[in-house]
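Quick note on labels: first sequence line is chain A, next is B, and so on, each numbered from 1. Treat the numbers as computed from the prediction; the structure is a model and nothing was measured.
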Amino acid sequence: MAWPGMEKYQNERIIIHLDYDCFYASVVENERPGLRSLPLGIQQKNILATCNYVARAQGVKKLQLVSEAKKTCPNLVIVNGEDLSRFRDASKKLWLYVREFIWEYKVERLGFDEVFLDVTQMIDFNIANLNLADFPASVLPTCTLASNLACTNADDDKLVEEAADQGIGFFRLSLTDPKRGFSFSWGKLPGHTYPLNDALDLRVLPESDHSSQSLEDDGLDCKVHNDFHQTKHTKHRLHRRLFLAAHFADFLRNSVKETYNYTVSAGISTTKLTAKLAGSVNKPDKQTLLIPAATQSFLDGHEIGKIPGVGFKTAQVLREELLGVVQGGAPEGSSVAEVAFYDKLTHPVTIHDIRRKLTLDRLSQVLDSKEQARKLYGWLHGVDTTPVAQTSLIPTQISIEDTFRSLKGTKQAEQVLIQLVTKLITRMHIDLLSPLPTPTTSTPTPTTSLQRWLACPRTFRLSLRPRDMTGPYSARISKSAPLPRYVFARDSCAEALAGRLVRDVGLPLLRKMGKVGEGELQLVNVAVVNMEESKAGEAVMAGVDIEKVFAGKKVTAEGSRNKNDEDMDWEKEVREIERVYKMLGEKGVEGDHKLAEEIDGISNEEDTIVDGQNLGIVGVMKPIDNQIEPGIGEDLWVKADDNGELSDMDGNGTDIVPAEAPTLRPIAHLRTKSRLDFSELEMEDEVGSPSARGVVCPKCGMGVLLFALEAHARFHEMERREQEK
DNA sequence: TGGGGTCCT
DNA sequence: AGGACCC
């Protein structure tokens, strides 16, 4: 993106950092507005992930134990936030919204609730625009936010002139459409500044010591009457650019609030580091512009660990370097976790301290790489060249995890794995499948109703945290294996695929972990990684209509023929898998082994892990009429032997219970409540046996794995409807 | 202390 | 495969 004379404006970057206020709590408040006025905490296991500001006013803290929070605030409303789906969805929605405003999509996501924006080009274009003769034409009267995006008053010369006289500016959001943008008042700087606006006498501020090259007055005299802006510093280019950015940040915050009802805090500066730190100065629903000349003193006051990039370990090393090795050390024979360390509260070390006492050479010796030292040295002085990365629409990894007080043995682990992998596959569908074709009347019906995979993960990873490993923290163990292709069958239900995946890859990996896999587990995590982007993915990234890319090969004129062909093969392969699945579904759950083998033949060609017997697959989902309610209230029985245990009949941990086995008796009653929501599958465990994993269908006597229950019930419903015809 | 993520080695 | 960092 360029315009005449752009280069001479391109020196220092302008970065905005946005931070959605107590994000999880805000998501819940938007779902249930009644909670807005109440103290609200979001619970994950034993702690509050976050809480709203009403709760904070009553003494509740982030990351506090739920038990403690309840003491300090007995009327605290607590909502469980262990399932992140809604937060992830809201985060993505906000990100996509903000993204559309920023040229070249220079928008980087950090976690679910933060974004960095590099608005340098937008700011410089608008500055340049003002300097060109069209300053009056780029000025519009104030209009409401709603009409800002398509303001039609531009032609009204009188209003325009009046506006200019009143110091009203117009910020253009589009290079090509001069009407797209918002108006703002040059006379008023939105939000806060650091140092404080009142304390800030711009007239006596020294020329900025670390960006003096950009403070050259370019001669533009803004048509404003406000004293503040008639100081000499207003004439400094960097200041003017930052003021403009403050207005843009204000616009973005207001837009997000009006459109989606989320309050946002923002920091405006020239680097990611300083923008982020500046944003945390004034917090809920406020923004802060860091005045460049104050950068060093601003940074100096921060504790060393506050620098994003300086984590627990690095901060520890730096504190020890300054204060000396911790006295006493670890008692003889104590575990690593008991080693004493300098705490940031008891032994705060500031950026100032480090900057004054540790040279670059010293830092190089203390840190593990010269690069790290150079980066840190820069940060200490407000230098941070890290670019704002365009966050891809496609994640590099998708993972699901759960923690437990105690989880023992392969049997329970399998249950957990099926649950987690089912969620994982559902998430793959949400995050990796192309958006559904928009149902507009103008677009011709697409050749296929199937969504496309934007990317395909090549690897499945299982991670565990053993109950009490001797580690100061985290300590996970992980193993990976190739992800079988059949998980990409788009019309199969997540349960069925999960069952197969756990059987073929999950359990083998678990066994590969040896003793750890059978011992007590505190955490289980499943993930798909190694994303390979497809042509469809690239097209979506570029904002191109996917259907066009695939409809005519001619559209992809670029020399990427190979990649495209590979993608077509990939599509064909997945379709073939889906065809076989469909046939299997039509043949019924009796599970024609030949077909099942066919699936394995197709899908496991390249898989290194093919484990256990082929049991036939039952969980095939077929498209069915939305009107009907199959399987609701249908009774199914879990059976067990006289000891109350499901025997591992085939010795492979698969536990499909034959209906004919005379010694079996029911131990649990299952009833499908809803056909759409798998999570609502109701299970009344009558014996308390956690090992019940197979059920016998009362209709056909077929053994059905729990994960496939829903699909199985649906099969019977389809059968019934066929007979009614 | 949660349930996610990123990149580097 | 693990470690450091981020939220």
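Spacing between atom CG of A/Leu18 and atom P of C/dC7 amounts to 15 Å, rounded to whole angstrom units. Atom CG of A/Leu110 is separated from atom C1' of B/dG3 by 15 Å (rounded to the nearest Å). The interatomic distance linking A/Leu277 (CG) with C/dC7 (C1') rounds to 15 Å, in whole Å. The distance from atom NZ of A/Lys479 to atom C1' of C/dA1 is 8 Å, rounded to the nearest whole Å. Here the P atom of nucleotide B/dG3 and the OH atom of A/Tyr24 are 10 Å apart, to the nearest Å. Across the protein-nucleic acid pair, A/Leu273 atom CG and C/dC5 atom C1' stand 14 Å apart, rounded to whole Å. Rounded to an integer number of Å, the gap from A/Gln522 CD to B/dG3 C1' is 13 Å. Going from atom CG of A/Asp368 over to atom C1' of C/dC5 covers 12 Å, rounded to whole Å.
Residue A/Arg476 places no side-chain N or O under 4.0 Å from the OP1 or OP2 atom of B/dG4. Distances shorter than 4.0 Å separate none of the side-chain N or O atoms of A/Arg88 from OP1 or OP2 on B/dG3. Taking side-chain N and O atoms only, A/Lys276 has no distance below 4.0 Å to OP1 or OP2 of C/dC6. OP1 or OP2 of B/dG3 has at least one side-chain nitrogen or oxygen of A/Lys45 nearer than 4.0 Å. Close to B/dG4, at under 4.0 Å from its OP1 or OP2, lies no side-chain N or O of A/Ser399. Under 4.0 angstrom from either OP1 or OP2 of B/dT1 there lies no side-chain N or O belonging to A/Thr403. Checking the phosphate oxygens (OP1, OP2) of C/dA4, no side-chain nitrogen or oxygen of A/Thr314 falls inside 4.0 Å.
For A/Lys61, the NZ atom is loosely surrounded, since the number of other residues' heavy atoms within 6.0 Å does not exceed 12.
Ring orientation note: the planes of A/Phe23 and A/Tyr262 are tilted relative to one another, at an angle of 30° to 60°. Note on ring orientation: taking the six-membered ring where Trp is involved, the planes of A/Phe298 and A/Tyr194 are tilted (angle from 30° to 60°). A/Tyr97 and A/Phe101 have perpendicular rings, their planes meeting at more than 60° on a 0 to 90° scale where under 30° would count as parallel.
Contacts between residues 46-78 of chain A and DNA chain B, defined by a heavy-atom separation under 4.0 Å, are made by A/Ile47, A/Leu63.
Closest approach of A/Tyr24 to A/Ala49, counting heavy atoms only: CD2-CB, 4.1 Å.
Screening A/Leu432, A/Leu483, A/Ile425 against A/Phe488 for a side chain to side chain contact (heavy atoms under 4.5 Å, CB included) leaves a single residue, A/Leu483.
Within 4.0 Å of A/Phe23, counting heavy atoms only, lies no atom of the nucleic acid at all. Within 4.0 Å of A/Ile307, counting heavy atoms only, lie sugar-phosphate atoms of the nucleic acid but no base atom. At the heavy-atom level, A/Arg109 lies nowhere under 4.0 Å from the strands shown.
Taking the ring axis of A/Tyr53 as reference, the NZ or CZ atom of A/Arg56 stays within 45° of it and closer than 6.0 Å to the ring centre.
Looking at A/Lys276 and A/Glu114, a side-chain N of the basic residue comes within less than 4.0 Å of a carboxylate O on the acidic one, giving a salt bridge. Taking 4.0 Å as the cut-off between side-chain N and carboxylate O, A/Lys411 and A/Glu518 do not count as a salt-bridged pair.
With C/dG2, C/dC7, B/dG3 as the candidates, the nucleotide lying closest to the side chain of A/Asp113 is C/dC7. When distances run from any side-chain atom of A/Phe312 to the nucleotides C/dC7, C/dA1, C/dC5, the shortest one goes to C/dC5.
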Please walk me through it: do A/Val529 and A/Thr396 pass side chain to side chain contact (heavy atoms under 4.5 Å, CB included)? CA-CA 6 Å; A/Val529 297; A/Thr396 61; over 6 Å; no
Check nucleotides 7-9 of chain B for protein N or O atoms closer than 3.5 Å to its own N or O atoms and list the pairs.
none

